[in-house]
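Just so it is clear, the values below take in all heavy atoms, side chains as well, and ignore hydrogens, waters and symmetry mates.
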Amino acid sequence: MKLSFASLALVALLGAGTIQSASAQKAKTVMVGGAPMYPTKNIVENAVNSKDHTTLVAAVKAAGLVETLSSAGPFTVFAPTNEAFNALPAGTVENLVKPENKETLTKILTYHVVAGRMTAADLMKAIKAGKGKATLKTVQGETLTAMMKGPKTIELKDEKGGIATVTIADVMQSNGVIHVINKVLMP
């Protein structure tokens with residue numbers, strides 16, 4: 001199965017260890033969706049507690065990506081809020097979580113993940129080095145373009161030209177970092 005092979009390859013590529021990084025141990029706890037996001041917990045362990053990410057968590061479960069996003073990583077996840085999913089055309093989310101649409105759902109979700117830990121400072125540095133734009137290769141295989149809007153706001157442009165804004169940056173996890181975004185990105 002393509003998903004299983006891709007997931008296993010990703011874990012093998014990124015390493016399957018469980019040692020927490022020093023940055024995760026020193027990072028501060030951030031509130032997201034009314035819940036503390038502990039830097040000593042992994043992406044899935046934290047996301048399940050955020051009231052703003054219940055749709056994302058349900059989608060990750062439906063796509064069978066819980067194990068992958070619980071692995072050592074590290075991953076950079078651009079996490080759309082429930083509001084971002086609600087902005088999609090009526091019935092889109094309900095349709096995507098059906099078993100027969102697992103491949104499409106997986107493609108969309110893995111488009112929100114970049115291998116490695118990229119903090120907001122790392123993203124800004126890459127944008128500056130790219131003279132205003134940074135191309136990010138997603139785990140899904142396509143690219144996102146990171147840009148600055150003003151001096152402190154990071155935006156992401158998807159393959160279809162949609163723009164998402166990072167609303168909460170640097171939510172550190174034991175296996176990466178989450179940046180909360182206000183739009184679902186489309187490959």
Do you reckon [X] sits in the same ILVMFWY cluster as [Y], going by side-chain contacts under 4.5 Å, direct or chained?
{"X": "Ile127", "Y": "Ile163", "result": "no"}
{"X": "Val77", "Y": "Met124", "result": "no"}
{"X": "Val139", "Y": "Val114", "result": "no"}
{"X": "Ile181", "Y": "Leu65", "result": "no"}
{"X": "Met118", "Y": "Ile168", "result": "no"}

Please report the interatomic distance [atom1]([X]) to [atom2]([Y]), rounded to the nearest 0.5 Å.
{"X": "Leu185", "Y": "Leu109", "atom1": "CG", "atom2": "CG", "answer": "11.0 Å"}
{"X": "Ile178", "Y": "Ser50", "atom1": "CD1", "atom2": "OG", "answer": "8.5 Å"}
{"X": "Asn101", "Y": "Lys107", "atom1": "CG", "atom2": "NZ", "answer": "13.0 Å"}
{"X": "Leu96", "Y": "Leu105", "atom1": "CG", "atom2": "CG", "answer": "5.5 Å"}

Next item on the list: Sequence neighbours left out, what passes side chain to side chain contact (heavy atoms under 4.5 Å, CB included) with Ala35? Give chain and number order.
Entry: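 Listed in chain order: Met37, Asn49.
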Next item on the list: Mind checking side chain to side chain contact (heavy atoms under 4.5 Å, CB included) for Val66 and listing every partner two or more places apart, or none if nothing turns up?
Entry: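 Residues passing side chain to side chain contact (heavy atoms under 4.5 Å, CB included) with Val66: Val44, Val60, Lys61, Ser70.
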Check: Hey, is the main chain of Val32 close enough, under 3.5 Å, to the side chain of Asp52 for a donor-acceptor pair?
Finding: no
Notebook entry, point to check: Can you check whether Tyr38's main-chain N or O pairs, donor with acceptor, with Asn46's side chain at less than 3.5 Å?
Noted result: yes
Where do [X] and [Y] come nearest, in terms of heavy atoms and distance?
{"X": "Gly176", "Y": "Pro74", "value": "CA-CB, 4.2 Å"}
{"X": "Pro39", "Y": "Thr29", "value": "CD-OG1, 3.6 Å"}
{"X": "Ala79", "Y": "Leu56", "value": "CB-CD2, 3.6 Å"}
{"X": "Lys183", "Y": "Ala164", "value": "CB-CB, 3.7 Å"}
{"X": "Asn175", "Y": "Ala72", "value": "CB-O, 3.2 Å"}

Do the non-hydrogen side-chain atoms of [X] and [Y] ever get within less than 4.5 Å of each other?
{"X": "Pro187", "Y": "Asp158", "result": "no"}
{"X": "Met186", "Y": "Leu88", "result": "yes"}
{"X": "Leu123", "Y": "Leu136", "result": "yes"}
{"X": "Ser174", "Y": "Thr40", "result": "no"}

Checklist line | Step-by-step side chain to side chain contact (heavy atoms under 4.5 Å, CB included) determination, Thr138 to Thr110 | finding: CA-CA 7 Å; Thr138 69; Thr110 56; over 6 Å; no
Next item on the list: Apply the test side chain to side chain contact (heavy atoms under 4.5 Å, CB included) to residues Asn42 and Leu69: give CA-CA distance (whole Å), side-chain angles for both, the deciding distance (0.1 Å), then the verdict.
Entry: CA-CA 8 Å; Asn42 71 43; Leu69 291 176; over 6 Å; no
Atom pairs and distances, side-chain donor-acceptor, residues 141-156, under 3.5 Å, sequence neighbours left out:
unit_1, atom_1, unit_2, atom_2, d
Glu142, OE2, Gln140, NE2, 3.0
Thr143, OG1, Glu159, OE2, 3.0

Going by the ring pair (Phe, Tyr, Trp, His ring centres under 6.0 Å) test, which pairs reach into [range], not counting sequence neighbours?
{"range": "residues 166-187", "result": "Phe78-His179"}
{"range": "residues 124-147", "result": "none"}
{"range": "residues 79-116", "result": "none"}

Check: What side-chain hydrogen bond (donor to acceptor under 3.5 Å, both in side chains) pairs are there with at least one residue in residues 73-92, not counting sequence neighbours?
Finding: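 Sorted pair list: Thr54-Asn82, Thr55-Asn82.
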Next item on the list: Sort and list the pairs that fulfil side-chain hydrogen bond (donor to acceptor under 3.5 Å, both in side chains) and have at least one residue in residues 120-136, not counting sequence neighbours.
Entry: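 Residue pairs with at least one partner in residues 120-136: Thr119-Asp122.
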Next item on the list: With sequence neighbours excluded, tell me which residues meet side chain to side chain donor-acceptor pair (under 3.5 Å) with Asn182.
Entry: none
